[in-house]
Structures are given as C-alpha cells and as structure tokens.
Amino acid sequence: MKHPPAIKVLVIDDDRARAALLEQSLRDQGYQVLARLDNTDLLAERVEELQPDIIIIDLDSPDRDVLENMALLNDRSPRPVVMFAEQGDSDTIAQAIRSGVSAYVVDGLESGRIRSILDVASARFREFQALRRELVEARSELADRKLIEKAKGLVMKRHKCSEDEAFKAMRRMAMDQQKPLAEVARSIIAVMEII
Amino acid sequence: MTDLTLPDTLPTPEKCALTLGYVPLIDAAPLIVARENGYFDDCGLDVSLSREASWASIRDKLQLGLLDAAQIPAGIPLAAAFGIGYGQRPLVCSMSLGLNGNAITVSRELHAQLSRRAEFSATPAGTGAALKGHLRDNPEATLTVATVYTHSMHSFLLHYWLDACCIDRSRIREVVVPPPQMVDTMHRGLIDAFCAGEPWNSAARDRGVGEVLVSGYQIWRNAPDKVLGSTADWAAEHPASLQLLIMALLRACAWLDDPDNREAMLALLRRPEYLGEGLMQPDPDIGRHRFFGAAANFPWLSQARWLLEQIQHGQPPRHPAEIDALARQTYRSDIFRQAGAALGLNLPLTESKPEGVHEHDWTVEGSQGPLSLPGDRLFDRPALEPPN
C-alpha cells in the first residue's frame, strides 16, 4: 500500500527549545518538518520557497502579520486557520490560541489532519509552559531555602543558640505572624543587617 | 487643555476588570495615559493593558474573548464586515483614538537618488514625480516596500499616494514587516522603503538608516488611523462598561492634546512595560498626532466608507447601499454620542462629512453650536473654498 505524502509542516518559534520539542513530536507522528525558524529574514520569501502545507507559529510572534498579508493577497499561500473556525471547529482553535499556538494552512488540507497537528502543537506548548513554571518555582524554592539558611545563621550567631533552636524560633515567628518562613527570614536578615 | 469632567452619576459597569490590547506605537498613548493618569480608576474600571506583538493576535484575542477591547487599525473591523480576514464575530468601532501618525521612509541611498532629481520637491506630488522618474530611468529596478498590515492606513496611504502619482504598482513589491524589525530590515538592504507609524520613521532617521520621504499628514491631512475595537457581542453585553471606557479614553485624549504634556507622555511610553527606551525622541512633525476633538474621536461614517472602498480594491464592486450598511453596523457613532454627551462634548449633528476637500479649519453644526474641524485635504484633491 502506498502511503500518502507526508504533510509538510513549518514551525516558527523564537523559543528554540520549545520548537525542538514540537518538531520531535511532529516527526514521531509521521509529519515532515520542513524547517524550524526563529529570527526570520523576509519570512514571506522563505514560505514561498518551502511551500509548507501548514505553518505552526507562536501566537505572540510579530511575524503573524506577515503571514496574514500572504494569506490575504495570495491564493497559494497558507491561509489562516481561523478560517476553519467558520467550519465549526472553533474548539480546537480556541484551545490552540489559549495555549499560545496559531497556525496557517493551505486551502484544501483535510480538517482532521489539521486538528491532529494543532492538538499536538497545543499539547507541546502547554507542556512547555508547565515545565517553565516548574523551573521558576524550583528556582524560587532554592532561593527561599538559601534565605532561611542565612537567617538561621544570623539568629544562631546573635543569640548564641543551636541551629535547631534558631529554626524553631523562626517557625514560631512565621506562625504568629501568619507569614511564609522565607518572608520571616527576609525580614530577619534585613533587621540584622541594620544592627 | 480641555477639562473633561465626569458626570455626577456614572453607570454601573457590567464588568469592572477589563483587559485591553495594544501594539507598542505612539498611538497607543490614549490607553496608556488613561491607565497611568487614573482615568480608568475614576470610572470604576480596573483595566490591565496587554502588549501584543501583532494585529492578528489582537483580532484573534478579541474574537475569543481573551481581550475585552483593543486599539486596532480602523481597517480591521471594516474588513471583517466584508468577510475578509478571519473570525466569525463582527467587530465594532465605538471611538476613534486619534489622527495621523504615519510616514513613508526610504533608504538613505534611495533618498539621495530621488532628491537629486529635477522633479523632486518635498511634497507628495514632488516626491511621487521623482519616484516615477527614477523608475523610468531604471527600467530593471523593482522597489521593495514594506507596510505593517494589509488593512491598515499605512497600506491605504501608500497605495493612494502611488496611484495619485500614476506610479505603476507592478514595479513595487510589497511586503509586510513587523514594525520593530523595520529599521533593521532597511539597514540590511532588504527593503527600499516602508510606510509605518511613529516612532519607526523617526527611529530610521535617527539611526542614519533612512529619511522620511513624505508623511501621512502630507498625503491626507488629519487622516483617521487607530480606533477602539471590540466584538459587537461584547459591546451589546457591556454597554455601561463600554461607555465608561470611552469616557476614560476621551479624558486621556484631551490630556494628550495639550502640547505641554508631550514630554510627560513620552516619559510614560518609554517605560519598559510599554514602548521602552527604543522610543527615543520621535519628531512631532513626522507623526503630527492629534488625539482629541470631534475630528479625532468621532467615528465618522464617511471615513468608514472611504476605508471600505480601499479594502474592496480589486474585488467585485459592491452597491453603495451595501457599503453604507456595513459602515453603519461597524462604526457605532451612536455609542460614541452617548459617552460624548455625558462628558458635555459638542457633537456633530451629522454622521458623515465631506472627506479630503478642506484645506483649512472649517465648521459644522454641533449639538452646542458651531463645531470647528481641522483641514482634511487629500493632497491631489481640489480644495473647496471655505464658505463665506
């Protein structure tokens, strides 16, 4: 049995790591990824040259207005995906846009295929967002822990007490003031540094 | 400065916490000033501003309800009314955010070539004649000209100027380049000219990359540009919120209209969360922004019709009655009138005015007596004599 030709996807995303993740997922599902572009020179020319069936682009990319122009002026060009919102598939599009994905497709590309590509892209974008959030949280957790250690050291030095006693005193303060431990640590450091 | 006092009783907004979209340009100033000067707060609105990278993003987010309202080129809601562009829900314009702001900048090399020509003079006709001569003498040359969006005043003014100067548009290759990349793209020799809003023309000149050839103001004096857009559904479901939004924006526009506030406006726009330091020191003579007055804020149906004619260029012509109906359903002067009346503004008695024919200030009948409007001449149109 002959396989239908793979759908050609162009990915435009300034975030290289995210684009790489998406590219891998698309390849795994049998799509042909033509290129991954970030900082694009005259994008319109690249699109004409590569002739993708679908372009996946970061919703917040300034290059979207370039693609809009191509779609409005040229029949062959990829057409904005919002087009098929009118064909009753607005949920997929709404979900994609909320995940930060927009897409441009050539006329005639089967809507089931478009949906599956959009679903992959939305999922990868959301996953990446979650990863980034975790990273930020992990970083701030580490920073908090450092603050607490520093405050504990200052309390031990000033009150000549054990580490355990210093920590208990700080935790009591946090409970009394109904504040997170890290914030109590921050104010201890501020006060101690004045003294 | 026109002091606009809020009425004693304000309507209760259906929704207080609003998100407004904008693209970092000088003509986003009314939104930024209304927020920073507390005019939204005075109206009981809690407004967050969302900086967007493209007009496409603003349109999609309005369609999906991720934005309540936005600064938007007048052409986008009108193109949507034609069924061009994308999205299912009709958009409406309930206020114009100001006049002017654009210019056509050419690379320094092209400027040097054009300004050496005998036909050249610093007018739209003179620069057009020089460009026409340049193309005639260089029959192989094609110029690459960038605009920022298909259905925006930049494209319409550029086309109007080229056509009025009888320049063969097939010699011009038009591309869209995002405004923040404009100066760099010209610097690398990828485009010969661009038509964009301020501060990008000033930026090209300050960086020694390009020279302003002709300003939008010279092509169409006091031309419309950005408007306040929302979906028709949103406007219908939040009439009081929209009234309050317009009142707050009108107060910001009145503040912006005072030349003494220009430096304070630039200081606000230069903040990193808005346009940032890249704004530098834009030349007020290039942008010629006018933010306030009946000409600047009233959504004139005559302007909507002019824009619709530009948008439908190259498409099967439509009946004038159809154009008029689309203009009326998109340009909601009725919504603006209500907010303007609440602030005690002198409002025009008609929805349309003759466009492009007034050399100087002229007068229309207003709700509170004669209402002065600034000149609105299109450079190639014969001017009407002012009535005696």
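These numbers come from a predicted model, not from an experiment. Chain A is the first sequence line, chain B the second, and so forth, proteins listed ahead of strands; every chain is numbered from 1.
Atom CZ of A:R171 is surrounded by 12 or fewer heavy atoms from other residues, nucleotides or ligands within 6.0 Å. The local environment of NE2 in B:H187 is sparse, with at most 12 non-hydrogen atoms from other residues, nucleotides or ligands closer than 6.0 Å. No more than 12 heavy atoms of other residues, nucleotides or ligands lie within 6.0 Å of CZ in B:R108, so this atom counts as exposed by the packing criterion.
The distance from atom CD1 of B:I76 to atom CD of A:E68, rounded to the nearest 0.5 Å, is 8.0 Å. Taking CZ of A:R64 as the start and CG of B:D60 as the end, the distance is 4.5 Å to the nearest 0.5 Å. For the atom pair A:L67 CG and B:S54 OG, the distance stands at 9.5 Å (nearest 0.5 Å). In this structure, CG in A:L59 is found 5.0 Å from NZ in B:K61, a value given to the nearest 0.5 Å.
B:R173 touches chain A through its side chain: at least one heavy atom from C-beta onward sits under 4.5 Å away, while N, CA, C and O do not. With a threshold of 4.5 angstrom between heavy atoms, B:V23 does not approach chain A through any atom at all.
With a 4.5 Å cut-off on side-chain heavy atoms, A:D63 and B:Q181 count as touching.
Taking every heavy atom of both residues into account, B:A53 and A:S61 meet most closely at CB-C, 4.1 Å. A pairwise comparison of heavy atoms in B:P178 and A:P62 identifies CG-O, 3.3 Å as the closest pair. For the residue pair A:V66 and B:V176, the shortest heavy atom distance occurs at CG2-O, 3.3 Å.
The existence of a salt bridge linking B:R59 and A:D65 is excluded, since no basic side-chain nitrogen approaches an acidic carboxylate oxygen closer than 4.0 Å.
Listed options B:T185, B:T144, B:V175, B:T150 were ranked by heavy-atom pairs under 4.5 angstrom with chain A; first place goes to B:T150.
The salt bridge (charged side-chain N to carboxylate O under 4.0 Å, His left out) pairs that include a residue from residues 159-169 of chain A are A:K152-A:E163, A:D164-A:K168, where partners are two or more places apart or lie in different chains.
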